[in-house]
Amino acid sequence: MTLRPSDTSAPDRGGDEGDASATDPPETDDAERAARAETRPETVGTCGAPADRESGTRDGAPPDGGSVEADRFLLAVAVDGEVLFAGPSATDVVGVERDALVGSDLLDRVHPSDRDPVADALSAVTANRTVTHRIRRASGGYAWVESIVDEELAPEFGGRIVTVRRVDVDRTFPERYRAFLEYGSDLVTVVDGDGLVVYESPSVEEVLGYEQGATVGRSPLGYVHPDDRERVTERFYRALDEPNAAPTLEYRYRTADGDWVWLESRTRSLPADSPVGELLVNSRDVTERKARERRLTDRNERLDRFASIVSHDLRNPLSVIRGSIEMARLRGETEPLERGERAVERIDQLVSELLTLARQGTGMDEPTEFALASVARDAWETAAEGDERAELVVAGDAQVYGDRGRMRQALENLFRNAREHATPGAAEAAVDGCEDVPTDGDEEAPASGDDALTVLVTATDEGFLVADDGAGIDPEDRGSVFESGFTTRADGTGYGLDIVREIVESHGWTVELRCDADGPVGLPDGRRLRIPEGACFEVCAPDPADTDPEEPWIDR
């Protein structure tokens, strides 16, 4: 590589400065001369001008004392990519100290999509010695540079001399505007005519968790949620084909850790002569806003449901009360009053369950850690008070982190559902083919007799279940049991299991109705539980190792 000698005059000499060898001591090596030549005005390029030694300026610095950032630097690089020498201006361009560059692999700092041509130029595989590529800066972003690789190896270094010149200012936009992208919270993406990403702003790491440049060369559509992909694809390619189109759309996008966030993106076509791409996409994370909208929608749906309940379900028992009172007055009988009393009890139950439903979807009141067996026994005392034919069996305990009060409500409703709907049978639960139901050691033996009802609560390898040995649920009704207002009893409200579902889902868990066809249930100790021949509801929840410690979990 040839370095031009300086034509400027030295401050301590009156004559012209000759060639490079005239200004360097005989013992100065090629590396030092290369470094000096790199910082001379002629090698500063567009960022500098020849220094005026007469006016007291040095190394191309402006007369007012300010500094001009060099836009190029020299490297000596081995064929395998190891940096053997770095010029002083390397720090100005990439923000990395020279000592940190020396000994590192240059290819590690080159953008993954650009490494092959750089490697080919270093190893002389190709005749093309000028490569335009991206190089990673200390901030994590990438700068566009042009690297010129000397054809011959430099014996002094054992590698090739590479002149690296920054060109991204010419390729995109002035450097002073780049800070808006580097520090902005919105994600800016540039897409080429083939629909592939050519640039993403540094905020991609904050918004999506990807390292800047990790998705360059890929289609952004591959990261869109499958349920949104068809809609987004249609709008995306319409924006590519129609320059005047500027669609704004919301969709789910996969993050680096595999989660989904809601993005709001606005797409604009770039000018036809744009050197950077076809589309400019501005995106922002609207996950929190979508969650608020969902909560508002849920609240409105509940209000609509309550209005329907008040207008229909509460009017019927009120009509019964009025009719019963009038009949009692006319006939002087007490039986109509008893009918009215039952209607009052129904209204009381409806009001209680409506208040419970109104509280759902607002998050946990007081999340605490508690034992499943303990809350199950408390719920049983309320739901089965005075019922001697029913028996609770806790077969396996678990530690639960959640809202204890609401979990007790859910269990009370499941127990009440078993008592009101189950016709006791002779079937019993069995583990590993054994006829005895395993307990935690504190439960009494199940009630016996044709009228006995056993309700089983146990931890499973997915969460916990509540099952009974009654007649079970009609297969035709299995898909409707969690629907609001669904009931098979003339005096039922139809909101008990709906409350269970909403309480479970407010914890971020799921509840499902199991049947014999689903096979045995796995227990935490590895055994298998045969489902009792009645209704069986299983709650599935993550364990502490699989979720945030502050989120609800079940440790079984």
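Just so it is clear, the values below take in all heavy atoms, side chains as well, and ignore hydrogens, waters and symmetry mates.
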Practice item. Work out which heavy atom in T267 is nearest to a heavy atom in A239; give both atom names and the distance. Key: CG2-CB, 3.8 Å

Exercise for review: Working to the nearest 0.5 Å, report the span between CG of D403 and OG of S506.
Suggested key: 7.5 Å

**Study point:** Side-chain (T547) to main-chain (E551) donor-acceptor, under 3.5 angstrom
**Key:** no

Point to revise | I473/V481 under side-chain contact (heavy atoms from CB on, under 4.5 Å): CA gap, chis, key distance, verdict | key: CA-CA 9 Å; I473 297 175; V481 293; 4.0 Å; yes

Exercise for review: Determine, stepwise, if the pair T215 / E200 fulfils side chain to side chain donor-acceptor pair (under 3.5 Å).
Suggested key: CA-CA 8 Å; T215 63; E200 281 187 326; 2.5 Å; yes

Review point. Can you list the residues that meet the side chain to side chain contact (heavy atoms under 4.5 Å, CB included) rule with E205, with sequence neighbours excluded?
Key: none

Revision key, fill the gap. Residues passing the salt bridge (Lys or Arg N to Asp or Glu O under 4.0 Å) test with R284, sequence neighbours excluded, are D186

Check your understanding: Please walk me through it: do R377 and E381 pass salt bridge (Lys or Arg N to Asp or Glu O under 4.0 Å)?
Key -> CA-CA 6 Å; R377 295 190 189 98; E381 290 180 1; over 6 Å; no

Revision key, fill the gap. Residues passing the side-chain hydrogen bond (donor to acceptor under 3.5 Å, both in side chains) test with T233, sequence neighbours excluded, are none

Exercise for review: Taking T460 for its side chain and V521 for its backbone only, find out whether a donor-acceptor pair lies under 3.5 Å.
Suggested key: no

**Study point:** Those residues that, when tested against F464, pass ring-ring contact (aromatic ring centres under 6.0 Å, His included) (two or more places apart)
**Key:** none

Revision key, fill the gap. Heavy-atom nearest pair, A138 first then V96, reads CB-CG2, 4.0 Å

Study note, to complete from the structure: In this structure, CG of L280 is separated from OH of Y199 (nearest 0.5 Å) by 10.0 Å

Revision key, fill the gap. Here the ring-ring contact (aromatic ring centres under 6.0 Å, His included) pairs for residues 513-532, sequence neighbours left out, are none

Check your understanding: Listed by chain and number, what are the ring-ring contact (aromatic ring centres under 6.0 Å, His included) partners of H133, not counting sequence neighbours?
Key -> none

Study note, to complete from the structure: Rounded to the nearest 0.5 angstrom, the CG-CD1 distance for N417 and I499 is 11.5 Å

Practice item. Might you point out which heavy atoms bring R109 and S104 nearest each other, and give the distance in Å? Key: NE-OG, 3.9 Å

**Study point:** Contact summary for L187 and S203, nearest pair of heavy atoms
**Key:** CA-OG, 3.4 Å

Check your understanding: With no hydrogens and no angle check, do the side chains of S201 and Q212 hold a donor and an acceptor under 3.5 Å apart?
Key -> no

Point to revise | Within-4.5 Å side-chain heavy-atom neighbours: L411 and V375 | key: yes

Check your understanding: About how many Å separate CG of D469 and CG of L456, when rounded to the nearest 0.5 Å?
Key -> 9.5 Å

Check your understanding: Sequence neighbours excluded, which residues qualify as salt bridge (Lys or Arg N to Asp or Glu O under 4.0 Å) partners of E234?
Key -> none

Point to revise | Check against side-chain contact (heavy atoms from CB on, under 4.5 Å), V455 and V466 | key: CA-CA 7 Å; V455 178; V466 177; 4.0 Å; yes

Check your understanding: Would you say H111's side chain and S113's backbone share a donor-acceptor pair under 3.5 angstrom?
Key -> yes

Exercise for review: Could you tell me whether the side chain of T368 reaches within less than 4.5 Å of the side chain of Y401, counting heavy atoms only?
Suggested key: no

Check your understanding: Can you name the salt bridge (Lys or Arg N to Asp or Glu O under 4.0 Å) partners of D114, sequence neighbours left out?
Key -> R134

Exercise for review: Assess whether side-chain contact (heavy atoms from CB on, under 4.5 Å) is satisfied between V394 and T458, documenting all intermediate values.
Suggested key: CA-CA 6 Å; V394 179; T458 183; over 6 Å; no

Check your understanding: How about V457 and V393: do any of their side-chain heavy atoms sit closer than 4.5 Å?
Key -> no

Check your understanding: Of E264, R229, R231, which meets side-chain contact (heavy atoms from CB on, under 4.5 Å) against Y251?
Key -> R231

Check your understanding: Salt bridge check: are D241 and R238 linked by an N-O gap of less than 4.0 Å?
Key -> no

Practice item. State which residues pass side chain to side chain contact (heavy atoms under 4.5 Å, CB included) with P520; sequence neighbours excluded, sorted by chain then number. Key: R528

Check your understanding: If only atom types and distance count, is the side chain of D397 paired as donor or acceptor with the main-chain N or O of L372 below 3.5 Å?
Key -> yes

Study note, to complete from the structure: When every non-hydrogen atom of D543 is compared with those of R556, the smallest separation belongs to N-NH1, 3.9 Å

Review point. CD of E462 to OG1 of T510: how many Å apart, nearest 0.5 Å?
Key: 8.5 Å

Revision key, fill the gap. For D525, the salt bridge (Lys or Arg N to Asp or Glu O under 4.0 Å) test, sequence neighbours excluded, returns R527

Check your understanding: Do V197 and S219 have side chains that get closer than 4.5 Å, going by heavy atoms?
Key -> no

Practice item. Could you check if a side-chain atom of E391 sits within less than 4.5 angstrom of a side-chain atom of L453, using non-hydrogen atoms only? Key: no

Check your understanding: Can you tell if the side chain of S265 reaches within under 4.5 Å of the side chain of V281, non-hydrogen atoms only?
Key -> yes

Review point. Among pairs that include at least one residue of residues 206-228, which meet ring-ring contact (aromatic ring centres under 6.0 Å, His included), considering only residues two or more places apart or in two chains?
Key: Y210-Y223, Y223-Y253, H225-W260

Study note, to complete from the structure: Separation between OG (S283) and CG (L263), nearest 0.5 Å, reads 5.5 Å

Review point. So among R252, R235, R254, which one has a salt bridge (charged side-chain N to carboxylate O under 4.0 Å, His left out) with D228?
Key: R252

Review point. When you look at Y237 and L221, which way does the side-chain contact (heavy atoms from CB on, under 4.5 Å) test go after all the steps?
Key: CA-CA 10 Å; Y237 281 103; L221 298 174; 3.6 Å; yes

Check your understanding: Closest approach of L513 and C536, non-hydrogen atoms and distance?
Key -> CD1-O, 3.3 Å

Review point. Does E512 offer a backbone N or O that forms a donor-acceptor pair with the side chain of R501 under 3.5 Å?
Key: no

Exercise for review: Taking R115 for its side chain and V110 for its backbone only, find out whether a donor-acceptor pair lies under 3.5 Å.
Suggested key: yes

Point to revise | Sequence-distant partners of D378, side chain to side chain contact (heavy atoms under 4.5 Å, CB included), two or more places apart | key: S374, R404, R408

Review point. Heavy atoms, side chains only, cut-off 4.5 Å: are V511 and F482 in contact?
Key: yes

Review point. Should L523 and D461 count as side-chain neighbours, where that means a heavy-atom distance under 4.5 Å?
Key: no

Exercise for review: Say whether, by atom type as modelled, one donor and one acceptor occur between the side chain of D468 and the main chain of A535 under 3.5 angstrom.
Suggested key: yes

